[in-house]
Q: 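Quick one: the structure is below, questions incoming.
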Amino acid sequence: EAQVVESGGGLVQAGGSLRLSCAASGFNVANSAIGWFRQAPGKEREAVACISRSNGRQYFARAVQGRFAISRDYAKNTVYLQMNNLNPEDTATYYCATGWENGVYYPPCFYGMDSWGRGTLVTVSS
């Protein structure tokens with residue numbers, strides 16, 4: 001059974017950085033779709049960034065492009081989300097997810113995820 005556990009959230013000032021971790025078990029992050037999503041209070045969940053299983057490409061939401069980066073540590077079977085130049089609008093609970101993705105949509109790894117972690121809270125103060 002695929003499982004993911006997020007960590008690394010916390011309180012940071014605007015302009016600061018955080019690195020979130022997504023520890024995976026039951027599957028290999030090297031050949032799986034991995035996505036990061038977030039949900040702010042009172043808002044719907046939105047996709048932030050992902051790595052596609054089908055083509056290995058990385059995709060980023062427009063709101064985080066140029067500020068966030070994804071990396072994988074194959075030895076630790078862990079995926080990271082490096083978040084730089086954070087602003088208060090980035091405040092949310094961040095979730096890691098994996099699944100078969102859905103190639104009908106673009107980007108495919110923003111969809112079709114069915115194994116989710118419990119999330120880690122990121123708070124950015126102004």
Side-chain angles (χ1 to χ4, degrees):
E1 178 185 2
Q3 292 187 335
V4 292
V5 178
E6 308 92 337
S7 62
L11 174 64
V12 62
Q13 288 188 333
S17 299
L18 277 177
R19 188 180 76 161
L20 305 183
S21 299
C22 173
S25 60
F27 70 100
N28 193 331
V29 301
N31 52 21
S32 302
I34 299 288
W36 284 98
F37 301 79
R38 68 186 181 186
Q39 187 167 19
K43 295 187 177 181
E44 293 187 355
R45 186 175 64 198
E46 63 177 353
V48 175
C50 69
I51 302 174
S52 173
R53 177 184 63 87
S54 60
N55 60 23
R57 291 180 60 185
Q58 298 182 6
Y59 299 89
F60 297 89
R62 193 169 299 178
V64 307
Q65 209 153 18
R67 300 188 297 123
F68 289 15
I70 292 182
S71 61
R72 289 180 283 193
D73 185 327
Y74 300 130
K76 295 182 178 181
N77 208 32
T78 298
V79 176
Y80 301 100
L81 182 68
Q82 178 67 43
M83 308 186 296
N84 299 323
N85 194 21
L86 287 161
N87 58 64
E89 289 70 37
D90 296 315
T91 294
T93 297
Y94 284 71
Y95 299 89
C96 176
T98 188
W100 285 98
E101 69 186 16
N102 190 331
V104 173
Y105 302 98
Y106 180 86
C109 44
F110 278 7
Y111 305 90
M113 301 304 197
D114 52 22
S115 295
W116 295 79
R118 294 188 175 184
T120 185
L121 178 62
V122 172
T123 304
V124 184
S125 63
S126 57

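These values consider heavy atoms only, across backbone and side chains, with no hydrogens, waters or symmetry-generated copies. Note that this is a predicted model, so its numbers are computed, not measured.
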Q: Given 3.5 Å as the limit, does a donor-acceptor pair link the side chain of Asp73 with the main chain of Thr78, or not?
A: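 It does not hold such a pair.
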
Q: Is there a path of hydrophobic side-chain contacts, each under 4.5 Å between heavy atoms, that joins Leu121 and Leu11?
A: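 Shared cluster, no.
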
Q: So, the side chain of Glu6 versus the backbone of Arg118: is there a donor-acceptor pair under 3.5 Å, distance only?
A: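 A pair under 3.5 Å: yes.
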
Q: From Cys50 SG over to Phe110 CZ, what is the distance, rounded to the nearest 0.5 angstrom?
A: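 If we round to the nearest 0.5 Å, Cys50:SG and Phe110:CZ are 4.5 Å apart.
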
Q: Measuring from atom NZ of Lys76 to atom SG of Cys22, what distance do you get when rounded to the nearest 0.5 angstrom?
A: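 Here the rounded value is 14.0 Å.
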
Q: Enter the distance from Glu101:CD to Ile34:CD1 here, rounded to the nearest 0.5 Å.
A: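 The CD atom of Glu101 sits 10.5 Å away from the CD1 atom of Ile34.
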
Q: Does the Thr98 side chain pair with the main chain of Ala33, one donor and one acceptor, at a distance under 3.5 Å?
A: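 Yes, the answer is positive, given that a donor and an acceptor are paired below the 3.5 Å cut-off.
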
Q: Search all heavy atoms of Cys109 against all heavy atoms of Ser52 and return the closest pair with its distance.
A: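 So the minimum-distance heavy-atom pair works out to SG-N, 3.6 Å.
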
Q: State, to 0.1 Å, how close Phe37 and Ala97 come at their nearest heavy-atom pair, and which atoms those are.
A: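 Scanning both residues, the minimum pair turns out to be CE1-CB, 4.0 Å.
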
Q: With respect to Val12, which candidate in Thr91, Thr123, Leu18 satisfies the side-chain contact (heavy atoms from CB on, under 4.5 Å) definition?
A: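 Only one option passes, and that is Leu18.
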
Q: Please check if the number of heavy atoms outside Gln13 that lie under 6.0 Å from its CD is greater than 12.
A: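 Counting neighbours around CD of Gln13, 12 or fewer heavy atoms of other residues, nucleotides or ligands fall under 6.0 Å, so no.
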
Q: Report whether Tyr111 and Ile51 are members of the same hydrophobic cluster (ILVMFWY, side-chain heavy atoms less than 4.5 Å apart, transitive linking).
A: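 Tyr111 does not cluster with Ile51.
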
Q: Which atom names give the shortest non-hydrogen contact between Phe60 and Ala49, and what distance separates them?
A: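 Scanning both residues completely, I find the closest heavy atoms to be CD2-CB, 3.5 Å.
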
Q: Is there a path of hydrophobic side-chain contacts, each under 4.5 Å between heavy atoms of I, L, V, M, F, W or Y residues, that connects Val79 with Met113?
A: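 The answer is no; the residues belong to distinct hydrophobic clusters.
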
Q: Would a single hydrophobic cluster contain both Tyr80 and Trp116, if residues Ile, Leu, Val, Met, Phe, Trp and Tyr are joined by side-chain heavy-atom contacts under 4.5 Å?
A: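 Result: no, two separate clusters.
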
Q: So with a 6.0 Å cut-off around CH2 of Trp100, is the heavy-atom count from everything else above 12?
A: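 Counting other residues, nucleotides and ligands, CH2 of Trp100 stays at 12 neighbours or fewer.
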
Q: Apply ring-ring contact (aromatic ring centres under 6.0 Å, His included) to the pair Trp36 and Phe68, showing each step before the final yes or no.
A: CA-CA 11 Å; Trp36 284 98; Phe68 289 15; 9.7 Å; no

Q: Between Glu46 and Arg38, does at least one N-O distance fall below 4.0 Å, as a salt bridge requires?
A: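 Yes.
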
Q: With no hydrogens and no angle check, do the side chains of Ser71 and Gln82 hold a donor and an acceptor under 3.5 Å apart?
A: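 On atom types as modelled, these side chains do not qualify, holding no pair under 3.5 Å.
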
Q: Are any of the side-chain heavy atoms of Leu20 and Met83 separated by less than 4.5 Å?
A: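 With C-beta onward as the side chain, the pair touches.
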
Q: Within the side chain of Asn77, is there an N or O that forms a donor-acceptor pair under 3.5 Å with the backbone of Phe27?
A: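 Present.
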
Q: Could you give the distance from SG (Cys96) to CD (Gln3), rounded to the nearest 0.5 Å?
A: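 Cys96 SG to Gln3 CD: 12.0 Å, rounded to 0.5 Å.
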
Q: Can you name the closest pair of heavy atoms from Pro88 and Ser125 and give their distance?
A: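 Heavy atoms of Pro88 and Ser125 come nearest at CG-C, 4.5 Å.
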
Q: Tell me the closest heavy-atom pair linking Ser115 and Val4, and the distance in Å.
A: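 Where Ser115 meets Val4 most closely, the heavy atoms are O-CG2, 4.1 Å.
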
Q: To the closest 0.5 Å, what do you measure between CG (Leu86) and CZ (Arg67)?
A: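 Spacing of CG (Leu86) from CZ (Arg67) equals 6.5 Å.
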
Q: Taking all heavy atoms of Leu81 and all of Val48, pick out the closest pair and write down the distance.
A: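 Nearest heavy atoms, Leu81 then Val48: CD2-CG1, 4.4 Å.
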
Q: Would you kindly confirm whether Val29 and Tyr95 end up in one hydrophobic cluster when ILVMFWY residues are joined by side chain heavy atoms under 4.5 Å apart?
A: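 Shared cluster, no.
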
